[in-house]
Amino acid sequence: MSRLPRNGEDVQVTDWVPRVDYPGGGEWLWLDVRLPDPVGSVVEQVVGRGRPLRRSYTRALERELRDAWAEAAEDRIEPVTLYIPTVPRHAEPRSPVSIHGMRDTPDYPRTVEAIAEAVRRPMEMLPGTSLASEPEVTVVDLAAGPACRYRSGIVTETEFGDRVEMETIQYYVIPDVYTEDIWLLQVYWVRGSAPGMVELAQRVAESLVFVPRGGGEAAPRAVLEWSDVVAFDEVQIGRGARPLAQHGFVVVEDGVLSLLGSDREVIDRAAVGEVVVRSARGALGSAVVLEVNGVAYSAAPGRGGYTKAFTLPTDLLNGRRDAEEMARIIEERGGRRG
């Protein structure tokens, strides 16, 4: 709340801030900009889940979060919520989904028609970043006000030369509580890293409301239901002596186990209750065999991310832990130990 002079008197002006809902369940975390060390708070919550984590993972996660926090602080982005899976990702980024927003003063008329025209123009991209698909722009009505919805695919290159395919949905909202500004809700995710993102982005946008700053209701709310999914990435998948995927995925979602290739194409899938899991011979515990629809597949979680031509003792220990975690989760969700 601030005061502006009018005819010699002070007039109270309400500072309106956005509030959105996001999924509950503990895998989505709020990067609370009001805390002295919001990054440390998020890392503490991740470590507090009780799952043993590699030191290299927590260091990489903290580095990513501090970069995100620095950008958010500089551009006054809030709120920021992040998806950090319980099963840690081996590939970058460790947090593959972010939902955040920012207030902006446009240099064009404050109408949905002008916004739609502006966002359809070619955008200046960051170095190493390009559009992977033509943008889709539509006009939508939200509870918070009329908006333009923008969706496109993005390709970025990492410092190691890898390509990361991402998608984004952005809502340019015209709230009636602002007279000159708009509010931009942005949802970014690594393609295939989380289920139902298009629907989730819509639900988050529909939950958007504006509340007075300092009123105690500005914090985002972890109340949305979300798909129960566990995904292992960088899984080396094979059938007998035949390799099928170097950077594959094993995904357990809604009672179904899926083996996916490096481009997330389906190799095989079945109800998890019909899957048999056992240790792979000769892998020293760092891989499992998954019997899916009567076919035996080898699966070595994390091995696809090895950048070395040889295996270190720490790699073997981490591989054993990941393989045991995969077997445990499959068994917990109805699979059978062989």
Side-chain angles (χ1 to χ4, degrees), residues 2 4 6 11 13-23 33 68 71-81 97-156 165-191 194 196-213 215 217-218 220-221 224:
S2 60
L4 294 177
R6 186 179 70 182
V11 177
V13 178
T14 301
D15 181 15
W16 295 93
V17 294
R19 186 191 71 198
V20 296
D21 297 342
Y22 66 100
V33 298
E71 181 179 353
E74 180 179 355
D75 295 336
R76 301 182 66 182
I77 297 173
E78 64 169 328
V80 179
T81 55
V97 185
S98 68
I99 301 173
H100 53 269
M102 61 183 295
R103 186 169 175 171
D104 184 44
T105 304
D107 56 2
Y108 43 79
R110 192 170 170 268
T111 65
V112 288
E113 293 80 11
I115 295 173
E117 181 181 352
V119 299
R120 284 191 178 102
R121 299 172 191 155
M123 293 186 178
E124 182 178 349
M125 306 296 290
L126 296 173
T129 303
S130 60
L131 289 179
S133 60
E134 286 296 319
E136 301 174 8
V137 181
T138 54
V139 175
V140 297
D141 287 319
L142 301 176
C148 273
R149 177 185 180 274
Y150 172 96
R151 179 183 179 184
S152 71
I154 300 172
V155 175
T156 62
E165 295 187 13
M166 303 191 69
E167 294 189 62
T168 181
I169 292 179
Q170 305 178 24
Y171 290 86
Y172 296 76
V173 187
I174 306 176
D176 57 9
V177 296
Y178 296 162
T179 57
E180 298 180 353
D181 294 348
I182 63 174
W183 198 72
L184 177 58
L185 170 65
Q186 299 177 304
V187 183
Y188 285 91
W189 69 95
V190 176
R191 181 168 293 168
M197 284 306 305
V198 175
E199 294 78 10
L200 177 60
Q202 178 178 338
R203 292 165 63 198
V204 173
E206 290 172 346
S207 75
L208 172 65
V209 295
F210 287 82
V211 297
R213 185 182 293 276
E217 298 182 351
R221 305 182 307 174
L224 297 181

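Computed from a predicted structure; not experimentally measured. Below, all heavy atoms of this structure are taken into account, side chains as well, without hydrogens, waters or symmetry copies.
- The heavy-atom pair separating P175 from V173 by the smallest distance is CD-O, 3.1 Å.
- Every residue two or more places apart in sequence or in another chain that forms a side-chain contact (heavy atoms from CB on, under 4.5 Å) with A116 is listed here: R120, V137, C148.
- Residues passing the side-chain hydrogen bond (donor to acceptor under 3.5 Å, both in side chains) test with T105 are D181, sequence neighbours excluded.
- Nearest approach of P106 to E180, heavy atoms of both residues: CD-O, 3.6 Å.
- Contact annotation: the side chain of I182 approaches that of R110 to within less than 4.5 Å [non-hydrogen atoms, C-beta and beyond].
- Results of the side chain to side chain contact (heavy atoms under 4.5 Å, CB included) test with V20 over L208, V209, L224 single out L208 as the only residue that passes.
- The OG atom of S133 sits 10.0 Å away from atom CD of E165, with the distance rounded to the nearest 0.5 Å.
- Residues E117 and Y108 have side chains not in contact (no heavy-atom distance under 4.5 Å, counting atoms from C-beta outward).
- Side chains of L200 and P23 form a contact here, defined as non-hydrogen atoms less than 4.5 Å apart.
- Of all non-hydrogen atoms in R76 and M102, the two that sit nearest each other are O-CB, 4.3 Å.
- Atom CZ of R149 sits about 11.0 Å away from atom CG of L185, to the nearest 0.5 Å.
- The side-chain contact (heavy atoms from CB on, under 4.5 Å) check on Q170 picks up Y150, T168, Y172, L184, Q186, Y188, with sequence neighbours excluded.
- Nearest heavy atoms, L142 versus A147: CD1-CB, 4.0 Å.
- Heavy atoms only, all atoms of each residue included: E78 and P18 are closest at O-CG, 4.1 Å.
- Exactly one residue among V80, T81, V187 makes a side chain to side chain contact (heavy atoms under 4.5 Å, CB included) with H100. That residue is V80.
- Taking the charged nitrogens against the carboxylate oxygens, R151 and E167 do have a contact shorter than 4.0 Å, which makes a salt bridge.
- If you take CZ on R191 and CE on M197, they are separated by 13.0 Å, rounding to the nearest 0.5 Å.
- F210 is not listed as a side-chain neighbour of D176, based on a closest heavy-atom distance of 4.5 Å or more.
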Y171 vs E206, side chain to side chain contact (heavy atoms under 4.5 Å, CB included): CA-CA, chis, key distance, verdict: CA-CA 10 Å; Y171 290 86; E206 290 172 346; over 6 Å; no
